Amino acid sequence: LEVIRTYLSHGGLQMNEVPYRRDGLLDLDAASRLAEGGVAGLIVQQPCFFGLVDDLGAISSFIHAVGGLLVVAADPVSLAILKTPGEAGADIAAGEAQSLGIPLSFGGPYAGFMSCRRDFVRNLPGRIIGRTVDRAGQTGFVLTLQTREQHIRREKATSNICSNQALMALASTVYMTLAGEQGFRGVAEACMAGSHYLESRLLEIPGTKRIFDSPFFREFVLEYPVRAGTLRDRMLGKGMLAGLPMPDLAPGAMMSTVTEKHTRADLDAFVDAAAAACEEGV
């Protein structure tokens, strides 16, 4: 949000933040009021910040009806299970590729991805790769739709991709190739199954309850009987990262998640540690 505000502050454009409903999902009624008088587009994160899954089809119908474009910031792993932004009617999709086989590395370098409908492909920055066939009939991949400014009039170039980003993109390509379609779906299913298992076990801790009842992929928010910051510190003392405290929602609100790296034993140990931390009281 801060990056978007910085860009828009010099372009004469205004950004309005659409609030969420009590169930944690996008408030389309509020969005409709904010769109009065014209709107360029709507940016939606899927799953949203709370890990919840919005109805992108309904959001797409709304924003297109008022003349705007839909931009979806997507978790790529979730796309192995959820309806893709394109299938839901989005015009542009973008996201972070770190979860595609790239280590955390203390914050980078990472790679991002961006795609769009064919109508907008000539407005994309960067190097677009096209598939073709050579004279021997073999499949080849070549740079296409690349402006001369990319190499010659560099001050007019539309992008600057550094070697570190290219290496990370290559790493993600290798990861997805090795996983394959079924393996990639298996990763997504492992994340979702693990998160739902952990949530159900944590709800067994007396005094713990959900903040939102909407469907989620792998991030979820629970309210614990102790302050979230206290729970986090106690869990850290046991060598576990409990999650992200969210005191704006409730004093004991904490968001946690599970990835394919976590085993059932890991999750059970997490629950035991959380239960012990809650038993210590406020």
Side-chain angles (χ1 to χ4, degrees), residues 24-26 42-61 70-105 108-118 121 124 126 128-129 131 139 141 165-201 212-221 243-244 255-264 266-267 270:
L25 301 178
L26 187 79
L42 176 64
I43 303 175
V44 177
Q45 187 171 323
Q46 177 78 322
C48 74
F49 177 76
F50 301 124
L52 308 175
V53 178
D54 267 293
D55 182 354
L56 287 185
I59 295 173
S60 173
S61 297
L70 175 60
V71 181
V72 175
D75 173 356
V77 176
S78 73
L79 300 183
I81 294 178
L82 302 179
K83 182 178 290 186
T84 66
E87 292 170 337
D91 301 287
I92 300 169
E96 169 61 60
Q98 183 274 319
S99 58
L100 304 180
I102 301 178
L104 289 174
S105 301
Y110 295 154
F113 64 88
M114 180 164 59
S115 59
C116 67
R117 294 197 176 280
R118 187 180 296 272
V121 70
L124 275 179
I128 310 302
I129 307 299
R131 184 171 65 181
T139 299
F141 296 89
Q165 291 169 314
L167 288 171
M168 295 303 101
L170 177 60
S172 289
T173 301
V174 172
Y175 170 84
M176 289 184 286
T177 301
L178 290 174
E181 183 176 346
Q182 294 304 315
F184 191 49
R185 182 177 178 86
V187 169
E189 290 174 342
C191 292
M192 187 169 69
S195 291
H196 284 74
Y197 171 78
L198 179 62
E199 190 222 27
S200 66
R201 289 292 319 281
F212 306 113
D213 288 323
S214 301
F216 67 92
F217 173 53
R218 58 176 168 183
E219 292 93 357
F220 58 91
V221 184
L244 177 66
M255 180 165 61
S256 302
T257 189
V258 175
T259 73
E260 75 279 10
K261 302 285 285 185
H262 297 111
T263 65
R264 181 64 62 90
D266 293 334
L267 303 183
F270 185 95

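Along the sequence shown, residues carry numbers from 1. Bear in mind that the values here come from a model prediction, so they are computed numbers and not experimental data.
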Item to check | S99 backbone acceptor or donor facing Y110 side chain under 3.5 Å | outcome: no
Next on the checklist: Counting C-beta onward and ignoring hydrogens, is there a side-chain heavy-atom pair between F217 and V77 closer than 4.5 Å?
Outcome noted: yes
Checklist entry - With side chains defined as the heavy atoms from C-beta onward, is the minimum distance between T257 and C191 less than 4.5 Å? => result no
Item to check | Exceeds 12 heavy-atom contacts within 6.0 angstrom, atom CZ of R264 | outcome: no
Checklist entry - Which word best sums up how the rings of H196 and F216 line up, parallel for under 30°, tilted for 30 to 60°, or perpendicular for over 60°? => result parallel
Checklist outcome for this item: Shortest non-hydrogen pair, S60 vs A88, comes out as CB-O, 3.2 Å
Item to check | Smallest separation among heavy atoms of A90 and V72, with atom names | outcome: CB-CG2, 3.7 Å
Next on the checklist: Under a 3.5 Å distance rule, please check whether S195 uses its side chain to pair with a backbone N or O of M192 as donor and acceptor.
Outcome noted: no
Checklist entry - So do the side chains of Q46 and L56 get within less than 4.5 Å of each other, counting heavy atoms only? => result yes
Checklist entry - Can you check whether V258 reaches R218 side chain to side chain, under 4.5 Å on heavy atoms? => result no
Checklist entry - For D54 and L26, which heavy atoms make the closest approach, and how far apart are they? => result OD1-N, 3.1 Å
Next on the checklist: Quick one, F184 and L100 - any side-chain contact, counting heavy atoms below 4.5 Å?
Outcome noted: yes
Item to check | Minimum side-chain heavy-atom gap R201-F270 below 4.5 Å | outcome: no
